[in-house]
Asks: 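To start, I am sharing the structure in question, which I have written as structure tokens.
Chain identifiers are assigned alphabetically (A, B, ...) following the order of the sequence lines, protein sequences preceding nucleic acid strands; residue numbering begins at 1 within each chain. For clarity, every value in this text was computed on a predicted model and none was experimentally measured.
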Amino acid sequence: MYRNFKFNIISSFEKARVGVLKTPHGDIQTPAFIFCGTKASVKGISPKQLIENETQVILSNTYHLLLYPGADHIRERGGLHSFIGWKGPILTDSGGFQIFSLGHGSVADEIKGRRSGISALLKIDEDGALFRSYRDGALQFLTPEKSIDTQRNIGANLIVAFDECTPYHSDKKYTENSMERSHRWEKRSLNEFIRKNDFSQALYGVIQGGVYEDLRKRSAEFISENPFFATAIGGTLGSTKTQMYEVVEMAMNGLDISRPIHLLGIGGISDIFRGVEIGIDTFDCVHPTRIARHGAALVKKNGTREHINLKNTMYAQDDNPIENDCNCSTCKGFSRAYLHYLLKANELLAFPAITIHNIKFMNKLMGEIREGIQNKTLDIVREKWC
RNA sequence: GGAGGGAUGGCCGAGCGGUCAAUGGCAGCAGACUGUAAAUCUGCCGACGAAAGUCUACGAAAGUUCGAAUCUUUCUCCCUCCA
């Protein structure tokens, strides 16, 4: 069923492992970070720049591309790889996260109980989720079959079963019912996937269950028992970092660890070390690219904060690069003072410049983590980065 | 020379007797952001103070009033139109 895909574990150190995830569009050395290009573009960055900065794989989003430009439109352009000019592997998320984000806002807002604007999610029932398009107001009904069909037309290599990303503020009963429904949706996703399988894509199942240990275990077992190519850990991971690590560990119980394991939506430096240590192979997160557009550059060993805010006045006369030991084009060419100025002057160059640094930073981090696992020196690597 | 309009906090700009230390916006200072409706959002932003509060403030001066950024008079400076 997944004959054009393969996941080989090359070496491991305790639970951490180094692997190769083979796809028809190339190999992914794991642990790897997947950059979010939600609307078929890593904001402000070209495919060439992604490659130059060691990017292996990117992620786009089914729901957003369904609204515009439409899956058929992308298929008619030769599929997403051809449309956007990216030859490497692509993962598409199913739209399940939009049930959360278009209903509740950002992860932080939901955890902190802030309500943000009018919900673009109208209804969720056994069949699927009903949205009001933020683009033209039209009704959009997303079902497991629709999500898989859309992802097939978009043509990513790695695709994800349709699920509901459960919020932090939902009680156990809701979380359990939602998880059961997600399981049924994922089964339907799998059936739809198998029905038209042409071996060009591989399907991820998603573990739900919120912050509840028994639910996470049940969900992990459900995913492992079904013929998904790989496993993703989704849903709320709690409200604190400590809880997040606990929840991820819960989800690892009962998992088939011969498959690739993806942790959805996590991208902090220390979070990645914790994830890798318990066996996570891939991560995706908007954080590195989003904070770049908000003026934040990732830096090593900066205490509880893993970035510096280049908009701060203290950088106005700082003639150093973001990081002295970084060889990205931004650090080689621009000072903190100049980046500070670009941000304050609203010059667009600031966005790609800082994004490039953050991308290179993440990719270098993942590379050193892979080396650390192979050399059994992961502790030393962590000491350098956190 | 005549007729009118205007001067508000770093800037623009509301307010037109009390609820005004004064709406907004910009600029400034911070913070947040984790399967992206995000080049977004939040807070602070006269002085002193941790705060309560105190002081100084709506071109200048004098007045009316219990009370004035708001009303009156004079002055200063800007702008428009007519000669």
Asks: Write down the partner of A38(B) under the Watson-Crick or G-U wobble criteria, each distance required to be under 3.5 Å.
Replies: none

Asks: Could you state the atom-to-atom distance from CD1 of Ile291(A) to P of A32(B) in whole Å?
Replies: 11 Å

Asks: Does Glu347(A) reach a base, just sugar-phosphate, or nothing at all? Heavy atoms under 4.0 Å.
Replies: nothing

Asks: If you only use heavy atoms from C-beta on, which nucleotide in U36(B), G31(B), C33(B) is closest to the side chain of Arg305(A)?
Replies: G31(B)

Asks: Whom does U80(B) pair with, Watson-Crick or G-U wobble, provided both distances fall under 3.5 Å?
Replies: A3(B)

Asks: Which part of the nucleic acid does Lys112(A) contact within heavy-atom distance under 4.0 Å: base, sugar-phosphate only, or nothing?
Replies: sugar-phosphate

Asks: Are Phe131(A) and Tyr63(A) an aromatic pair, judged by ring center distance below 6.0 Å?
Replies: yes

Asks: Please confirm whether the shortest side-chain N or O distance from Gln98(A) to OP1 or OP2 of G35(B) is below 4.0 Å.
Replies: no

Asks: Using a 4.0 Å heavy-atom cut-off, does Asn309(A) contact any base of the nucleic acid, only the sugar-phosphate backbone, or nothing at all?
Replies: sugar-phosphate

Asks: Does A57(B) pair with anything, Watson-Crick or G-U wobble, both distances under 3.5 Å, and if so, with which nucleotide?
Replies: none

Asks: Hey, does the side chain of Asn312(A) come within less than 4.0 Å of G31(B)'s phosphate (OP1/OP2), counting only N and O?
Replies: yes

Asks: Once you round it to whole Å, what is the distance between P of U36(B) and CZ of Phe33(A)?
Replies: 11 Å

Asks: Does the base of U36(B) carry an N or O that pairs as donor and acceptor with the side chain of Ser106(A) under 3.5 Å?
Replies: no

Asks: Looking at C33(B), does its base get a donor-acceptor pair with the side chain of His287(A) below 3.5 Å?
Replies: no

Asks: Go ahead and name the base partner of C16(B); Watson-Crick or wobble counts if both distances stay under 3.5 Å, otherwise write none.
Replies: none

Asks: From G35(B), A39(B), A37(B), pick the nucleotide closest to the side chain of Val160(A)?
Replies: G35(B)

Asks: Just how far, in rounded Å, is P of A39(B) from NZ of Lys344(A)?
Replies: 18 Å

Asks: Which part of the nucleic acid does Gly238(A) contact within heavy-atom distance under 4.0 Å: base, sugar-phosphate only, or nothing?
Replies: nothing

Asks: Provide the distance between the two P atoms, one in U64(B) and one in G28(B), to the nearest whole Å.
Replies: 46 Å

Asks: Nearest to the side chain of Thr38(A), heavy atoms from C-beta on, is which of A32(B), G35(B), U36(B)?
Replies: U36(B)

Asks: When all nucleic acid strands are considered with a 4.0 Å heavy-atom cut-off, which category describes Leu237(A): base, sugar-phosphate, or nothing?
Replies: nothing

Asks: Rounding to a whole Å, what distance do you find between Asn346(A):CG and G28(B):C1'?
Replies: 13 Å

Asks: Would His64(A) pass as stacked on U36(B), i.e. its ring centre under 5.5 Å from the base's six-membered ring centre and planes under 30° apart?
Replies: no

Asks: Would the Phe35(A) and His287(A) ring centres measure less than 6.0 Å apart?
Replies: no

Asks: If the cut-off is 4.0 Å, is Asn61(A) near the phosphate of G35(B), judged by side-chain N/O to OP1 or OP2?
Replies: no

Asks: Between U40(B) and A27(B), how far apart are the two P atoms, rounded to whole Å?
Replies: 11 Å

Asks: With sugar-phosphate meaning primed atoms plus P, OP1 and OP2, does Ser101(A) contact a base, only sugar-phosphate, or nothing at under 4.0 Å between heavy atoms?
Replies: sugar-phosphate

Asks: Is Asp93(A) touching bases, backbone alone, or none of the nucleic acid, heavy atoms closer than 4.0 Å?
Replies: base

Asks: Could you state the CD-C1' distance from Glu306(A) to C33(B), rounded to the nearest angstrom?
Replies: 13 Å

Asks: How close do Cys326(A) and Lys364(A) get, counting heavy atoms only, and between which atoms?
Replies: CA-NZ, 3.7 Å

Asks: What is the distance from CG of Asp163(A) to P of G35(B), rounded to the nearest Å?
Replies: 14 Å

